Amino acid sequence: MNASIRVLVWGENRHEQREPEVAKIYPDGMHNTIRRGIEARLGERASVATATLDDPEHGLTEEVLANTDVLTWWGHAAHGEVSDEVVERVHRHVLSGMGLLVLHSGHWSKIFTKLMGTTCTLRWRSENDRELVWTVNPAHPIARGIPHPIEIPAQEMYGEQFDIPAPDELIFISSFSGGEVFRSGCTFRRGNGKIFYFSPGDQDYPVYHHPDVLQVISNGVEWAAGDPARRELPTLLRYETGDFFNGHGYRGAMANKENQ
């Protein structure tokens, strides 16, 4: 049997601590609800841990990230409190091959905007909208076993324009009570890492108790998992003519013509 996927579910965990109505929906935090959903669906195929914003180094130390195959990210109220040093660390690990799932309001997180290179802004409304999540790429592994559409009775509206680069793959689009549409399930590749953005999941609604939403997240974890034996940051190397396999360290443009 292949080694299990090492998953770290990261949650800001502020709404659950400060807003009683959110705590009623997620008594031990959205991160633990998501963790249990992944564990129930992937079983022995995944080992799942959690970390939160208030942990030392946000729970995202170099050692932790080096031992994480897929990181899931949920943030909303405290994007600015995430340390720039930790963002740089996560960014480096994604480019090196760690998978990343960005959930709902994580679209405006430092790590997602850095990876996308855009504002990642959108239009929104929190008025108990119904969301229908339509599968536009049913052959994609993330869509495996997902009904068409997923019906979410109560949800925050996210709508276009969503200021992201054109996705590598568009898997889901959503429609809402007011007629808005949104690219709600998108994949990207950055460096050696795979990224999946999935929008359903607001703190004010029990979306992370929805079995189909949890199935999409679990499918995304399996899709995004890289090969830990090949975790490597893309690096500029010099290759001599006829040697396709042994690159040399690049010492800069002024030394470009020298033998190395």
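Quantities reported herein were computed from a predicted structural model and do not represent experimental measurements.
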> For the side chain of E12 and the backbone of H76, is there at least one donor-acceptor N/O pair under 3.5 Å apart?
Replying inline: yes
>> Please confirm whether the ring centroid of F198 lies under 6.0 Å from the ring centroid of F172.
In response: yes
>> Main chain of V64, side chain of T61: is a donor-acceptor contact present, judged purely on distance under 3.5 Å?
In response: yes
> Does D163 reach the main-chain N or O of T119 with its side chain, forming a donor-acceptor pair under 3.5 Å?
Replying inline: yes
> Which word best sums up how the rings of H104 and Y158 line up, parallel for under 30°, tilted for 30 to 60°, or perpendicular for over 60°?
Replying inline: parallel
> Pick one: which of F188, W108, F162 meets ring pair (Phe, Tyr, Trp, His ring centres under 6.0 Å) with Y197?
Replying inline: F162
> Quick check: does any side chain N or O of R14 sit under 3.5 Å from a backbone N or O of A77, one acting as donor and the other as acceptor?
Replying inline: no
>> Whether R89 and E85 form a salt bridge (side-chain N of Lys/Arg under 4.0 Å from carboxylate O of Asp/Glu) is what I want to check.
In response: yes
> Judged by atom type as modelled, is there a donor-acceptor pair below 3.5 Å linking the side chain of H58 to the main-chain atoms of S83?
Replying inline: yes
>> Tell me whether D168 contacts the main-chain N or O of R189 through its side chain, where contact means a donor paired with an acceptor under 3.5 Å.
In response: yes
>> With a 4.0 Å cut-off on N to O distance, would you call R123 and E180 a salt bridge?
In response: no
> So, for Y26 and H31, is the gap between ring centers shorter than 6.0 Å?
Replying inline: no
>> Salt bridge check, R238 against E240: does any charged N sit closer than 4.0 Å to a carboxylate O?
In response: yes
